[in-house]
Amino acid sequence: MIRKIGEQMSRINEGYGRFMDRMSSVETFGALVFMLVLLGSAWAFAWYAHIIGPWVDNLMGWGPHDIDSERKVQWRRMWSTAICLPGMLASVGLYLRNRRQQRR
């Protein structure tokens, strides 16, 4: 039984790997939208972490959460943009490159 569960998890992992390979190559408009939504949601989560963090703590009952300082919020927003924006721009660039190669 454990072997069957392991094999099923392996098939799920392989399917997920194929899906992410296909999406990360950004050859279709759907893949571009997927990558922009994925990176945009990561950016939004990091951008508003000072709001989402205390809400999740309260929801899960993990206790009070200290309020982040304005400087900490600024640094978090700067890093979220520095990490996610290049990925968004690279996705758009890959899509445009792939479309141009398909036309040739």
How long is the straight-line distance from [atom2] of [Y] back to [atom1] of [X], given to the nearest 0.5 Å?
X	Y	atom1	atom2	value
L38	C84	CG	SG	9.0 Å
I51	D68	CD1	CG	10.5 Å
T28	Q102	OG1	CD	9.0 Å

Do you know which two heavy atoms are closest between [X] and [Y], and how far apart they sit?
X	Y	result
V26	A31	CA-CB, 3.9 Å
Y95	F29	CE1-N, 3.6 Å
T81	W43	OG1-NE1, 3.1 Å
R76	A49	CD-CB, 3.4 Å

Under 4.5 Å between any side-chain heavy atoms of [X] and [Y], yes or no?
X	Y	answer
L36	V92	yes
L94	M35	no
Q101	E27	no

With no hydrogens and no angle check, do the side chains of R71 and Q74 hold a donor and an acceptor under 3.5 Å apart?
yes

Answer with yes or no whether the hydrophobic clustering places [X] together with [Y]; edges join I, L, V, M, F, W, Y residues whose side-chain heavy atoms lie under 4.5 Å apart.
X	Y	answer
Y48	M60	yes
V56	V73	no
M88	L32	yes
L85	W79	no
L59	F45	yes

Look at atom [atom1] of [X] and say whether more than 12 heavy atoms of other residues, nucleotides or ligands are closer to it than 6.0 Å.
X	atom1	answer
L89	CG	yes
E7	CD	yes
M78	CE	yes
F34	CZ	yes

